[in-house]
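These notes are about the structure you will find just below.
To find a chain, count down the sequence lines: A is the first, B the second, and so on, and within it residues start at 1. Owing to the predicted nature of the structure, the values given are computational and were not obtained by experimental measurement. In what follows, every heavy atom counts, from backbone to side chain, and hydrogens, waters and symmetry copies are set aside.
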2 protein chains.
Amino acid sequence: MSAPTLSIQQAATHSNVSVHTLRYYERIGLLPPIARDANGQRRYTERDLGAVNTLLRLRATGMPIQGMKRFAELFAQGEGAIPERLALLEEHQKAVHQRILELQTNLEAIDGKIKIYRKNTQVIPDSKSNSRGVGGSL
Amino acid sequence: MSAPTLSIQQAATHSNVSVHTLRYYERIGLLPPIARDANGQRRYTERDLGAVNTLLRLRATGMPIQGMKRFAELFAQGEGAIPERLALLEEHQKAVHQRILELQTNLEAIDGKIKIYRKNTQVIPDSKSNSRGVGGSL
DNA sequence: ATTTGACTTCGAGCGCACTCGAAGGTTTAA
DNA sequence: TTAAACCTTCGAGTGCGCTCGAAGTCAAAT
């Protein structure tokens, strides 16, 4: 039993991307050249799908295409480049972590605003209160 | 003592944006029309700076300009629109929270990969191991 | 007198990551 | 026979959020 492979259409569906994007990623070197069948059609292996998966995770965490390209290149260079691959991932890890912290910080500020709004919605302001607490300005 | 106001340059520096961006935000309706001095030059009040601050927080958490515009419009509509403002913020709050969760999930997957890489870097693989754990494919 | 910084309207350009369609080809299945 | 699904190269278009510069004006400060 040889490993099952997928057509580009199937791979696209499986990975939830468009066939356009799969060819695009291969074209710009994010994916290695995908193996072809007797008719020259792409056959995606488990490994290829794994690669797509990894790329999508990197993308989802905000890595720009240039970064992914660099990673793919380091991969193509074989085992010698493992330390660089590790370094790249660690750097990205750090960046993502900081991004999460930034989001959390800003989210807290928004939470604060929401609380103020809730107070103001619950109590109908009387003529003496001017609801200046609400935003001040936006 | 009247409230101190800032020139556009000062406001830009203070908020860490460009004067281009300040005018742009005003132009597209994110900021209210900024008050002018005798010479027609913008004078940014504390309130205006607060508005910029809020916008930057929304932006930093990924709210598109259209969303910010909607918020600004609701603000311009006065107190009657407070419930809608609240709703908009709550929706955004939810979205940001989900975004954070997504980042954390993907970050964990990346952490996993890093761990595998670290194992492989520590132990020089012998002829029997083929380091297939490392990425598999990227 | 000149430099600085502000103002206006306008439209072009940029970087990113796709996204799509055209045009022309082949193979395979119904 | 026809339709579906794949292939190629190519270039144009999209949406976002700026970003910039041009051209012309004005007023205050040195």
Side-chain angles (χ1 to χ4, degrees), chain A residues 4-45 48 51-72 92 95 99 102 106, chain B residues 4-45 48 51-52 54-72 92 95 99 102 106 138:
Chain A
T5 60
L6 300 187
S7 72
I8 194 169
Q9 191 57 255
Q10 292 169 326
T13 301
H14 177 93
S15 301
N16 202 31
V17 293
S18 71
V19 303
H20 269 306
T21 299
L22 283 181
R23 291 204 197 98
Y24 174 65
Y25 277 13
E26 185 179 344
R27 209 162 69 219
I28 66 178
L30 294 191
L31 290 174
I34 303 298
R36 307 308 180 98
D37 66 12
N39 289 316
Q41 303 199 349
R42 289 172 181 80
R43 307 269 42 174
Y44 290 82
T45 65
D48 296 330
V52 173
N53 193 349
T54 298
L55 291 173
L56 294 181
R57 276 187 199 289
L58 293 177
R59 182 181 76 172
T61 47
M63 182 180 283
I65 278 192
Q66 277 315 305
M68 298 196 260
K69 202 167 171 181
R70 177 102 188 93
F71 188 61
H92 184 57
R99 173 74 182 131
E102 189 201 344
N106 285 304
Chain B
T5 59
L6 300 187
S7 73
I8 194 168
Q9 191 57 253
Q10 293 170 325
T13 301
H14 176 95
S15 300
N16 203 33
V17 293
S18 70
V19 301
H20 269 306
T21 298
L22 282 181
R23 292 204 196 97
Y24 174 66
Y25 276 13
E26 185 179 345
R27 210 162 68 219
I28 67 176
L30 295 191
L31 290 175
I34 304 297
R36 307 307 180 98
D37 66 12
N39 290 315
Q41 304 198 348
R42 289 172 182 81
R43 307 269 42 174
Y44 290 81
T45 65
D48 296 329
V52 173
T54 298
L55 290 173
L56 294 182
R57 276 187 198 289
L58 293 177
R59 181 180 77 171
T61 47
M63 182 180 283
I65 279 192
Q66 277 314 306
M68 297 196 263
K69 201 166 171 182
R70 177 102 187 94
F71 189 61
H92 184 57
R99 174 74 182 130
E102 190 201 342
N106 286 304
L138 293 210

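Residues of residues 5-13 of chain B having a heavy atom closer than 4.0 Å to DNA chain C, listed by number: B:S7, B:I8, B:Q9. Contact check of residues 16-30 of chain A against DNA chain C (heavy atom, cut-off under 4.0 Å) returns A:H20, A:T21, A:Y24, A:Y25. Shown for residues 62-71 of chain A: residues whose heavy atoms fall under 4.0 angstrom of DNA chain C, namely A:P64, A:I65.
Pairs of residues two or more places apart, or lying in two chains, never qualify as salt bridge (Lys or Arg N to Asp or Glu O under 4.0 Å) while including a residue from residues 9-19 of chain A.
In this structure A:S18 satisfies the side-chain contact (heavy atoms from CB on, under 4.5 Å) test together with A:H20, A:T21, sequence neighbours excluded. Partners of B:E102 under the salt bridge (charged side-chain N to carboxylate O under 4.0 Å, His left out) rule, at least two apart in sequence or in another chain, are B:R99. For B:R36, the salt bridge (charged side-chain N to carboxylate O under 4.0 Å, His left out) criterion is met by B:E26, not counting sequence neighbours. With sequence neighbours excluded, the residues satisfying side-chain contact (heavy atoms from CB on, under 4.5 Å) with A:H14 are A:L6, A:L49. Checked against side-chain contact (heavy atoms from CB on, under 4.5 Å), B:N16 has no partners two or more places apart in sequence or in another chain. Applying the side-chain contact (heavy atoms from CB on, under 4.5 Å) rule to B:T61 yields the partners A:L103, A:N106, A:I110, B:H92, B:V96; only residues at least two apart in sequence or on another chain are considered.
For the helix from C:dA1-D:dT30 to C:dA30-D:dT1, the rotation axes defined at the first and last 5 base pairs enclose an angle of 10°, given to the nearest 10°.
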Where protein sits on nucleotides 24-30 of chain C, one letter per nucleotide: B base, S sugar-phosphate only, - none, heavy atoms under 4.0 Å: ---SS--
